[in-house]
**Q** 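Sharing a structure below in structure tokens format, with a few things to ask.
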Amino acid sequence: MIKHGEEELAHVAVGTVSKYLSERIPRYTSYPTAPHFSAAVGATLYRSWLRALPEDARLSLYLHVPFCRSLCWYCGCHTRVPGHRDPIDRYMAILEREIALVSELAGGRRVVHAHWGGGTPTIVGPSAFLAVMSLLRERFAVEPGAEIAVEIDPRRLDVAMASALASGGVTRASIGIQTFDARVQRAVNRVQTLEATQACVDRLRGAGITALNVDLLYGLPHQTVESCETTVAAALGLAPARFSVFGYAHVPAMKRHQRMIEAAALPDGEERLRQEQAIGDALVRAGYVRIGLDHYARPEDALVQAQTRGGLRRNFQGYTDDPADALIGLGASSIGELPQGYVQNASGVRDWARSIEKGEFATVRGIAITREDRLRADIIERLMCDLRADIPSILHRHGFPPGFLDAERSGLDTLAADGLVRAERGIITVPESARTLVRRIACVFDAYLRPEEGRHAVAV
Ligand code: SF4
């Protein structure tokens with residue numbers, strides 16, 4: 001368990017690490033990371049991977065809804081704003097067909113976790129949501145204690161939808177706040193008052209959904225340390241169980257709507273680091289425990305318990321205690337993870353729909369995982385989750401000789417000289433003060449990483 005006290009508030013000096021702040025590094029929600037997926041993995045291979053899932057495999061489901069009522073300029077998700085209701089209804093009908101297709105090969109297996117992401121999943125409305133939930137229960141063995149999570153845009157959640165979420169079995173809601181600074185909100189096209197957010201929280205709790213997460217962002221245009229602190233203070237008043245704190249990733253070459261954001265108004269790397277530290281410090285002072293890189297949870301939360309027993313995991317939704325053996329992605333652009341590798345559906349709704357309507361999977365990219373990928377993924381996941389990796393024992397567990405990763409040593413030596421990492425008898429530890437830069441340490445073990453300017457978010 002992470003100690004409370006002075007060490008938690010200690011930070012690596014901004015000046016010492018400034019050379020790392022503008023480096024573009026993956027978030028390591030998977031390894032190999034998504035830019036290394038290729039067309040070598042398609043629908044046929046996915047079909048065979050699904051068919052090979054053991055009968056007792058526990059499943060996690062991810063359902064993607066790529067629609068929103070309006071577009072936030074900072075958004076990095078696959079989403080769009082439909083002009084009317086029809087595309088949403090069509091999408092949900094095809095999503096049901098995709099669930100049926102998957103269930104022909106992997107149905108009946110236990111589901112321990114389901115996550116509705118987007119986009120704004122609640123845009124589908126009560127009846128479409130409940131229809132999909134009951135189809136999932138019909139085709140899979142959704143466990144009574146399964147966590148069913150949904151991402152919420154608090155500006156759009158009415159009482160009827162909150163109550164539908166509860167009757168569909170939703171146990172956790174992630175509420176997007178990002179910032180309460182009105183100037184920043186205007187600059188990113190997302191105006192959201194504290195009052196509207198509080199009303200949403202009340203609706204969810206009133207419906208019986210009490211496990212609440214709050215998402216905050218730093219590094220937005222015009223954002224300052226002070227405005228981050230004011231936002232955290234207001235968000236703490238909502239008393240969520242967990243916080244996620246992400247840095248805005250400005251990649252306008254990949255996300256065209258981000259061109260609406262004035263680049264000159266964006267904080268630089270050092271200011272981003274200060275904002276991240278200010279938010280983290282405020283949450284720790286309020287009694288939340290740091291989880292991995294960017295999550296915070298109350299001491300009694302399941303994520304803290306998972307971290308304590310070394311059972312914390314990292315997947316496309318961030319940090320989790322999800323024990324599933326496979327993740328099934330449903331919907332356009334969704335990613336799945338099977339024991340053999342990763343698969344991703346076509347990102348465009350039309351392409352995805354065309355395949356599913358023909359009775360075929362919409363898998364267009366992916367990667368088959370090698371034995372060495374598994375080894376490196378294990379090291380990277382332990383670093384991202386525990387800030388520690390016992391390299392000799394991980395090598396042994398995966399059947400590799402002790403000297404297999406000797407070439408990585410020089411990369412670690414440079415980081416050690418800057419105080420970002422300690423290495424003793426092969427056990428790598430990231431000091432609490434360098435937690436924010438853990439991705440920089442993890443990337444030493446990434447065999448795929450090449451300088452790919454613009455593909456990944458900056459290091460902080
Ligand atoms: S509501 Fe969420 S998914 Fe939709 S545009 Fe805004 S940030 Fe993106």
Side-chain angles (χ1 to χ4, degrees), residues 59-71 75 77-104 107 111 113-142 146-176 200 203-204 206-209 317 327-336 345-359 361-362:
L59 304 184
S60 185
L61 308 177
Y62 173 77
L63 300 102
H64 189 74
V65 178
F67 302 107
C68 292
R69 289 271 176 246
S70 61
L71 205 56
C75 184
C77 305
H78 284 286
T79 191
R80 68 189 176 93
V81 179
H84 47 95
R85 174 82 211 179
D86 291 358
I88 301 173
D89 290 337
R90 265 203 312 277
Y91 186 89
M92 294 307 285
I94 297 165
L95 187 68
E96 291 194 14
R97 291 191 65 178
E98 187 178 26
I99 292 168
L101 266 183
V102 171
S103 72
E104 282 167 19
V111 169
H113 194 108
H115 185 104
W116 286 76
T120 305
T122 54
I123 203 171
V124 306
S127 55
F129 174 78
L130 288 169
V132 168
M133 286 310 304
S134 74
L135 179 62
L136 291 177
R137 290 200 163 84
E138 198 181 288
R139 301 295 181 117
F140 296 92
V142 179
E147 176 163 289
I148 300 174
V150 61
E151 294 170 9
I152 303 282
D153 178 347
R155 300 168 298 169
R156 321 278 183 202
L157 186 80
D158 59 22
V159 175
M161 192 64 209
S163 139
L165 295 177
S167 16
V170 168
T171 55
R172 181 174 295 281
S174 283
I175 299 162
C200 167
R203 262 172 225 142
L204 287 165
I209 300 168
Q317 277 81 58
L327 166 70
I328 307 291
L330 297 157
S333 80
S334 66
I335 296 180
N345 273 347
S347 299
V349 171
R350 251 189 236 153
D351 292 340
W352 166 79
R354 205 174 298 130
S355 297
I356 304 294
E357 280 176 324
K358 280 194 281 180
F361 286 114

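All figures in this text were calculated on a predicted structure; none of them were measured in a lab.
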**Q** Verify whether one side chain among Glu151 and His115 offers a donor that lies under 3.5 Å from an acceptor in the other.
**A** yes
**Q** For the residue pair Ala207 and Ala166, what are the closest heavy atoms and their distance?
**A**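 Of all heavy-atom pairs spanning Ala207 and Ala166, the closest is O-CB, 3.2 Å.
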**Q** Any chance the side chains of Arg155 and Thr120 put a donor and an acceptor closer than 3.5 Å?
**A** no
**Q** At their closest point, which heavy atom of Gly125 faces which heavy atom of Met161, and how far apart are they?
**A**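 Taking every non-hydrogen atom into account, C-SD, 3.4 Å.
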**Q** Distance check, rounded to the nearest 0.5 Å: Arg97 atom CZ versus Leu135 atom CG?
**A**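 The CG atom of Leu135 is 12.5 Å from CZ of Arg97, to the nearest 0.5 Å.
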**Q** Taking the side chain as every heavy atom from C-beta outward, state whether Leu165 and Leu204 have any atom pair closer than 4.5 Å.
**A**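 Yes, side chains in contact.
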**Q** Do you know which two heavy atoms are closest between Leu95 and Leu63, and how far apart they sit?
**A** CD2-CD2, 4.2 Å
**Q** Drop me the distance from Leu61's CG to Ile148's CD1, to the nearest 0.5 angstrom.
**A**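 Spacing of CG (Leu61) from CD1 (Ile148) equals 9.0 Å.
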**Q** Looking at OG of Ser167 and CE of Met133, how far apart are the two atoms once the value is rounded to the nearest 0.5 Å?
**A** 10.5 Å
**Q** Report the distance from atom CG of Leu101 to atom CD of Glu96, rounding to the nearest 0.5 Å.
**A**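 With rounding to 0.5 Å, CG (Leu101) is 12.5 Å from CD (Glu96).
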**Q** Hey, does Leu157 have a side-chain heavy atom less than 4.5 Å from the side chain of Ile175?
**A**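 SC-SC contact between Ile175 and Leu157 ruled out.
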**Q** Which atom names give the shortest non-hydrogen contact between Ser347 and Ala332, and what distance separates them?
**A** O-CB, 3.7 Å
**Q** Taking C-beta and beyond as the side chain, do Cys200 and Ile152 meet within less than 4.5 Å on heavy atoms?
**A**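 When only atoms from C-beta onward are counted, Ile152 and Cys200 do touch, with a gap below 4.5 Å.
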**Q** Less than 4.5 Å apart, side chain to side chain, heavy atoms only: is that true for Met92 and Ser127?
**A** no
**Q** Measuring only between side-chain heavy atoms, which start at C-beta, is Val102 closer than 4.5 Å to Phe361?
**A** yes
**Q** Quick test of your reading of the model: are Asp86 and Arg90 salt-bridged, counting only N-O distances below 4.0 Å?
**A** no
**Q** Working to the nearest 0.5 angstrom, can you tell me the gap between Arg80 CZ and Cys75 SG?
**A** 14.0 Å
**Q** Could you give the distance from CD1 (Ile328) to OG (Ser103), rounded to the nearest 0.5 Å?
**A**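 Taking CD1 in Ile328 and OG in Ser103, the distance rounds to 10.5 Å.
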**Q** If you define the side chain from C-beta out and look only at heavy atoms, does anything of Glu98 sit under 4.5 Å from Asn345?
**A** yes
**Q** Looking at His78 and His64, would you say the former's side chain and the latter's main chain have a donor-acceptor pair under 3.5 Å?
**A** no
**Q** What are the two closest non-hydrogen atoms of Ile209 and Ala162, and how far apart are they?
**A**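 Smallest interatomic distance, heavy atoms only, reads CD1-O, 4.1 Å.
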**Q** For the residue pair Phe140 and Ile99, establish whether any side-chain heavy-atom pair is separated by less than 4.5 Å.
**A**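 Yes, side chains in contact.
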**Q** Could you label the plane-to-plane angle of the Trp116 and Phe129 rings as parallel, tilted or perpendicular, counting under 30° as parallel and over 60° as perpendicular?
**A** tilted
**Q** Answer yes or no: does atom CZ of Arg137 have more than 12 heavy-atom neighbours from other residues, nucleotides or ligands under 6.0 Å?
**A** yes
**Q** Only one of Cys68, Pro87, Pro66 forms a side chain to side chain contact (heavy atoms under 4.5 Å, CB included) with Pro82, so which one is it?
**A** Pro87
**Q** If I compare all heavy atoms of Gly331 with all of Tyr91, which pair ends up nearest, and what's the gap?
**A** CA-OH, 3.2 Å
